[in-house]
Amino acid sequence: MNLSNLQIGAVLVFIGILSGGCGIQPLPGGLKKEDYLNQGVAVRKQVKGSEPKLGLALAGGGTKAADFSIGVLQGLTEAGIMEEVDAVSTVSGGGYAALWYFSRLLNPEENNEGVVAPLTSSDYASQFFRDCIPLKYIETYLDTDTHKEGVSRHNYDSNLPWSGPCPAPETNYDRDQNGVFSQDPVRYQNHLRGYQDVFAWNWRRPFGYKETTLDQLRVGVEYAGTVLLTLGSIAVNFVPNVIFDWEFPLSTSRLQYQQGILRAYGATPSDCAQRNDYCVGGFRLQGDENWVRTSLTFDKLREEYEKGTIPLWIINATAGENRDFFSALAHPGQKPFQMTSFELSPYGSGSGLFGYSRAVIGDRMPWQAVTISAAFLDAQQKVYPPWVNIMLNPSTLNWGVSLSNLQVHWFQRAIHKVIPGPFYLFHLRSGDSAEKYVNVRLSDGGQSENLGAYALIQRKLPDIILSDHSADRSGKMEDVCRLKRGLEREHGSATHLYVYFPALDRLNDFCDQKESEQGYDIFHWEHPILLGCITDNAKNDTCMNDEPAPGSHFQRLFLIKPAFPSVKSGNKLGVALKGIKDILAKTNDTCKNESNSKACAPSAVPACRALYDGQPYPYSGQLGQRKADSVGGWKYEDFVSCELLGFLMQNSSNGNGINGSDRCPYIPQNDTKWITANSSPFLFGAYRELGRYYARQLGWFFGHGSNASQKRARYREAVAYQDNNRLKPGTIAKEGGKAGTIGDCFK
């Protein structure tokens, strides 16, 4: 008897269904959720004298998120706060920055012997953030007389995080008269600048200290090569991943993306002072990736965490989301993130759906976990319509990783491998329990909980700093709303948690999508840090009851967001950002028609004091007195970065830097995917400086010398002020545009 392929498929599916009686297998190294989350708490208490208290969440958002996150890490380091951080939770682009940060701290080639713990101290970690100002800003926009504080073009002061003007306009390094490098003090940040294009090709020596948007030929050649390789991989991909569901990682674009992340954020930068041939012409040769690939392990991270030298690093991915056309149609939208948010940490891995284990699934290294967490092109995506999922697998644009679900019997996994398409779509591919999946598919963590907050909330850290830097040009606070809705409908929990930000007027209406045509205007941002809370008391919407009864839940939130203030603000809190808003107002008209004229400089110099205000927080001394104001006791830092102002003056008043839909600058809310695909060293610097600026404002709450009772009192003072001075939502100019009046960005 001859059977058709259809009949064979039907028989196999039937056999697979019958074999379901094999049952679910024990999870190797399995732990109860509470036991998993409590790992490391006792040893941390023993080393630091208290249980973990402060967490930092670095959200997703590709290269934009990475650049802003590096600025946040720098600002927190300068303010002395990173020494207090107990856990860092990252998603996607936030993971790029954390990979760079932990790689620098732990690589023995960069870690001088005898360093006193913790490695996160400003005395040690600041060396990796040291940078110089791009020369083009100084020569074109800034009065160079303001730089005569004893730091010449070649005189770098290793004690300052800033070292004067960069020596060359396109390479950021220079030689002495004999052609020899005597020092290479800013190589870490210079490396990051030059390798911003994560999709650049190795054969092109991708380091380039200029805007790649101006080099269309290079970009066109590189992307043409990507397309050709992708087309070639489709044929190889067809049998194992289309005819059958073997889920082999055959995507060339995924490998290119992975390599670009590692090259930029994982490699040890070449030191031109050690070998002159590391820096040739306009290029800095690629750094060494070997240590990150082979030696930066989760075991190493655990060892150092338990010594008290670094925070716990938690990397968040997505697993168990509906990812084929049929299941997505049957169950549209996202599943509860309590099910799909999958974390990998030094203490194991797991999620609400697949359970928790002491083992890291698939024995993945931290750098691999970062690239998985950043795999935004994957069939688990929820940004585009379900029909897009049909195209991703055949086109090899599935960037996630499939690992065998060891909780499913081996016979079920074997059956699945011989079932041809489309029948395998109906066998162990979707569901609401672990036994419904033959594989654990890991991809972009932003498809579950993009802030990275959930891992810290579960661990009940009393204070959480949130860096919410994903794309949100219209000010809809969608990631905050996702967190808010998810906690209020906690999957499988009898206790609901509530997220409140008193400064955001009518946030509940936005999160319930009752205000679809409005948003909070990112160009009229009055509070540098949004204070909020997570509580089990639905009535505590002011966050003032921050000492709940034993057994109750309360966590303080400190949210940073890429935004600019208004100039004509009646809110006294706006004085914190006086430097930025005043300089933009003064230079907007001056530079609008003369973007290449030195007429811009006089308005910049008063606010930008030769970059020496960038000393560790709080600073004082002879290089410029800090101008601070006090509202409710909060001492704001009036620090303004010359690089950020230089970038804005060059780009905020001409067509190259203006968004056509609302006539406002692209920054601080550039499109995530386009920055990731095609960034520049100058865009990197602008986002880094903006993140650094906001993070330094947290010094009043968490900086040196503030005890626990002072922190609580300061929080209460500031959150009460924000409750009385709320951000009012406005009408969105256009779809995808900012909230507010068109052309009113700096008024």
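Because the structure is predicted, anything quoted here is derived from the model rather than measured.
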Do the side chain of [X] and the main chain of [Y] share a donor and acceptor less than 3.5 angstrom apart?
| X | Y | result |
| --- | --- | --- |
| Thr309 | Glu304 | yes |
| Asn439 | Arg441 | no |
| Gln368 | Met365 | yes |
| Tyr437 | Gly320 | yes |
| Arg254 | Trp399 | yes |
| His416 | His427 | yes |
| Asp468 | Ile560 | no |
| Thr77 | Met82 | no |
| Glu321 | Lys335 | yes |
| Asp378 | Gly400 | yes |

NZ/NE/NH1/NH2 to OD/OE distance under 4.0 Å, [X] and [Y]:
| X | Y | value |
| --- | --- | --- |
| Glu247 | Arg323 | yes |
| Glu478 | Arg482 | no |
| Arg459 | Asp86 | no |

Once you round to the nearest 0.5 Å, how far does [atom1] of [X] lie from [atom2] of [Y]?
| X | Y | atom1 | atom2 | result |
| --- | --- | --- | --- | --- |
| Arg716 | Met544 | CZ | CE | 4.0 Å |
| Ile457 | Leu483 | CD1 | CG | 4.5 Å |
| Lys539 | Tyr500 | NZ | OH | 10.5 Å |
| Asn405 | Leu428 | CG | CG | 9.0 Å |
| Lys64 | Lys673 | NZ | NZ | 11.5 Å |
| Thr340 | Tyr454 | OG1 | OH | 9.5 Å |

Where [X] and [Y] come nearest, the two heavy atoms and their spacing:
| X | Y | result |
| --- | --- | --- |
| Phe554 | Thr535 | CD1-CB, 4.0 Å |
| Val292 | Gly266 | CG2-O, 2.9 Å |
| Gln338 | Gly486 | NE2-O, 2.7 Å |
| Pro240 | Leu250 | CG-CD1, 3.8 Å |
| Ile315 | Ser373 | CG2-CB, 3.8 Å |
| Ala65 | Ala59 | CB-O, 3.7 Å |

As a quick check of understanding, evaluate salt bridge (charged side-chain N to carboxylate O under 4.0 Å, His left out) for Asp463 and Lys711, giving each step before the final call.
CA-CA 10 Å; Asp463 297 297; Lys711 291 174 185 177; over 6 Å; no
Report the residue from Trp367, Tyr101, Phe102, Tyr96 that forms a ring-ring contact (aromatic ring centres under 6.0 Å, His included) with Tyr265.
Tyr96
Candidate list Phe501, Tyr694, Tyr715, test ring-ring contact (aromatic ring centres under 6.0 Å, His included), partner Phe558, passing option:
Tyr715
Between Gln25 and His409, is the side-chain contact (heavy atoms from CB on, under 4.5 Å) condition met? List the steps.
CA-CA 6 Å; Gln25 305 298 301; His409 197 278; 3.4 Å; yes
Show your reasoning for whether salt bridge (charged side-chain N to carboxylate O under 4.0 Å, His left out) applies to Asp472 and Lys561.
CA-CA 9 Å; Asp472 186 19; Lys561 193 175 183 68; 2.9 Å; yes
Under 3.5 Å, is there a donor-acceptor pair linking the side chains of [X] and [Y]?
| X | Y | value |
| --- | --- | --- |
| Glu449 | Ser341 | no |
| Glu83 | Ser121 | no |
| Ser709 | Asn707 | yes |
| Asn450 | Ser92 | no |
| Gln259 | Glu289 | yes |
| Asn508 | Lys484 | yes |
| Asp479 | Ser470 | yes |

Going through the checks in order, is the side-chain contact (heavy atoms from CB on, under 4.5 Å) test met by Leu504 and Phe510?
CA-CA 10 Å; Leu504 297 178; Phe510 280 87; over 6 Å; no
Given the side-chain rings of Tyr347 and Tyr356, with only the six-membered ring counted for Trp, is the space between their centroids under 6.0 Å?
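Judged by ring-centre distance (under 6.0 Å), Tyr347 and Tyr356 do not meet the cut-off.
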Would you say the side chain of Ile534 lies within less than 4.5 Å of the side chain of His553, judging by non-hydrogen atoms?
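They are in side-chain contact.
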Member of Ile464, Leu466, Asn316 meeting the side-chain contact (heavy atoms from CB on, under 4.5 Å) criterion with Ser89:
Asn316
Go through the steps to decide whether Glu34 and Leu37 satisfy the test side-chain contact (heavy atoms from CB on, under 4.5 Å), and finish with yes or no.
CA-CA 5 Å; Glu34 292 75 16; Leu37 295 173; 6.0 Å; no
Which is it for Arg485 and Glu488 under the salt bridge (charged side-chain N to carboxylate O under 4.0 Å, His left out) test, yes or no, and what are the steps along the way?
CA-CA 5 Å; Arg485 290 192 301 265; Glu488 289 178 2; over 6 Å; no
Could you go step by step and tell me if Lys307 and Glu303 meet the salt bridge (charged side-chain N to carboxylate O under 4.0 Å, His left out) rule?
CA-CA 6 Å; Lys307 288 181 183 177; Glu303 175 187 348; 3.5 Å; yes
Counting only heavy atoms not in Arg358, do more than 12 sit closer than 6.0 Å to its CZ atom?
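Atom CZ in Arg358 is not crowded, with 12 or fewer foreign heavy atoms closer than 6.0 Å.
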Above 12 or not: heavy atoms from other molecules or residues under 6.0 Å from NZ of Lys45?
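No, because the 6.0 Å sphere around NZ of Lys45 holds 12 heavy atoms or fewer from other groups.
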Could you walk me through whether Glu435 and Gln412 pass the side-chain contact (heavy atoms from CB on, under 4.5 Å) test, one step at a time?
CA-CA 10 Å; Glu435 64 267 25; Gln412 287 275 27; over 6 Å; no
Over 60° means perpendicular and under 30° means parallel, so classify the ring planes of Phe248 and Trp246, tilted if in between.
tilted
